[in-house]
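Keep in mind that this is a model prediction, so the values were computed, not measured.
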Amino acid sequence: MADSFAGQLLAWYDQHGRHDLPWHHDRNAYRVWVSEIMLQQTQVATVIPYFEAFMKRFPDVAALAAAPVDDVLSHWSGLGYYARARNLHKAAQQVVAEYGGEFPQQQETLEALSGIGRSTAAAIVAQAFGIRAAILDGNVKRVLARYHAIPGWPGQTAVLNQLWQHSEEHTPEDRVRDYTQAIMDLGATVCTRSRPACERCPLQPGCTAYARQETTSYPGAKPKKAKPEKTTWMVILEDHQGRILLERRPPSGIWGGLWSLPELDPAYGPEELPDACERQFGFGCSDAELISGFRHTFSHYHLHIQPARLAVTGPTGVAEETEQRWVHRDEALALGLPAPIRTLLTTPEQTALL
DNA sequence: AATTCGTGGAA
DNA sequence: TTTCCAAGAAT
């Protein structure tokens, strides 16, 4: 055991692992679950303040289930991947309604909940209940791809399946809670994507990539693709009370479910914006004052945001098909906005020189 | 099965 | 400045 993959890892973990992250305290299924969702594709340092605030506002699954979804989204504002927040809220209600507020302890049952996939279900089961289950996050993928010198990009199903198989093989019966934490810690602090510290690695003796001095060749790189360019108008419509118009974005797509500024067809010229606003929103506007535009890069495309500010001149009716709200700026910030929009609304607006 | 979901840190 | 990608899941 001591000289096995897991044994070597656990011995290292006892000395060098991370033992005092926020979700390690008062450990229960709820806290483990929330932390695992927040940590999806998100670094530990980014998550910590969000986790603390979230736990203060929603201390248990019942509190989360009973909260308005906008309250949940506002606590997620700036964290990204907002479907996680909506799924988290939905799953909390599922746990309360279907399981009386007690988390199921079976991996398959957890996987049926919104936002919980194979790896997250395994992590919850292992961390919260100490039940043997194999995880496969970015850290484990990197460690195993190097240890076994597995070629190819893990985005390919065939590569992913091999990594899952190795993860299953190495996961021990005993100390699964520590083992699961250990292999993630190793990936995060030793087997890093650039300049791995192989001289400090407990798995170095059996590591194929190290033996070949090819550690940085694994895992295989994602194929490159040019990012498409997209452009949009985002308008700050301000009434005489200093309130601005926000719209809820559709549940799918970028910033799904969040409140944001109304968008207009990028084909409009600046001088056409007042008429476009009147047609789309049903009230008159003054000439558009252009604000410095900026480019925001997402994983698959670049978004050019052209902000414009218009003063509302006519009466402001209530929404039709899309959900709308007139709010003061401080209220907008409390609603939970996408990070670039929050920046836009809190940065002094400068007229562009176009 | 490959793509689409954010954001910020690191190189 | 640009690129990569991190405690993945849903589609």
A:His75 NE2 - B:dG6 P separation (whole Å): 19 Å
Contact under 4.0 Å: A:Trp255 side-chain N or O vs B:dT7 OP1/OP2: yes
Nearest-nucleotide comparison on DNA chain B, the residue closer to the 5′ end among A:Lys225 and A:Phe298: A:Lys225
Sugar-phosphate, base or nothing in reach of A:Ile254, heavy atoms under 4.0 Å: sugar-phosphate
Protein-nucleotide distance (A:His302, atom NE2; B:dG6, atom P), rounded to Å: 17 Å
A:Lys230 NZ - B:dC5 C1' separation (whole Å): 11 Å
Rounded distance (Å) that lies between atom C1' of C:dT3 and atom OH of A:Tyr301: 18 Å
Cationic tip of A:Arg248 above A:Trp255 ring, under 6.0 Å, 45° of axis: no
Separation of the P atoms in B:dG6 and C:dT11, to the nearest angstrom: 14 Å
Sequence-aligned protein contact record of nucleotides 5-11 of chain C, with B where the base is within under 4.0 Å of a protein heavy atom and S where only the sugar-phosphate is: SBBBSS-
Atom-to-atom span, CG of A:Asn161 to P of B:dA2 - whole angstrom: 11 Å
Test applied, ring pair (Phe, Tyr, Trp, His ring centres under 6.0 Å); reference residue, A:Tyr147; option that passes from A:Tyr218, A:Tyr210, A:Phe5: A:Phe5
B:dC5 versus C:dT2 - spacing of their P atoms, nearest Å: 23 Å
Among A:Phe283, A:Phe281, A:Trp259, ring pair (Phe, Tyr, Trp, His ring centres under 6.0 Å) partner for A:Trp326: A:Phe283
side-chain hydrogen bond (donor to acceptor under 3.5 Å, both in side chains) evaluation trace for A:His148 with A:Thr208: CA-CA 6 Å; A:His148 295 286; A:Thr208 304; 5.8 Å; no
A:His300 vs B:dA2: side-chain N/O to OP1/OP2 distance below 4.0 Å: no
A:Glu98 and A:Lys90 ion-paired at < 4.0 Å: no
Sugar-phosphate, base or nothing in reach of A:Ala83, heavy atoms under 4.0 Å: nothing
Interatomic distance, A:Leu344 CG vs B:dG6 P [rounded to whole Å]: 18 Å
Short side-chain N/O contact to C:dC4 OP1/OP2 from A:Lys224, under 4.0 Å: yes
Nucleotide B:dT7, atom C1' - distance to CH2 of A:Trp76 in whole Å: 13 Å
A:Thr322 and A:Arg249: CA distance, side-chain angles, deciding distance, side-chain hydrogen bond (donor to acceptor under 3.5 Å, both in side chains) verdict: CA-CA 8 Å; A:Thr322 58; A:Arg249 299 181 61 87; over 6 Å; no
Distance, C1' atom - from B:dA2 to C:dA7, rounded to whole angstrom: 23 Å
CG/A:Asn28: more than 12 non-hydrogen atoms of other groups inside 6.0 Å: yes
More than 12 heavy atoms of other groups within 6.0 Å of A:Arg325 CZ: no
Between B:dA1 and C:dA6 - P atom distance, rounded Å: 23 Å
Separation of B:dG9 P from A:Leu79 CG (nearest whole Å): 13 Å
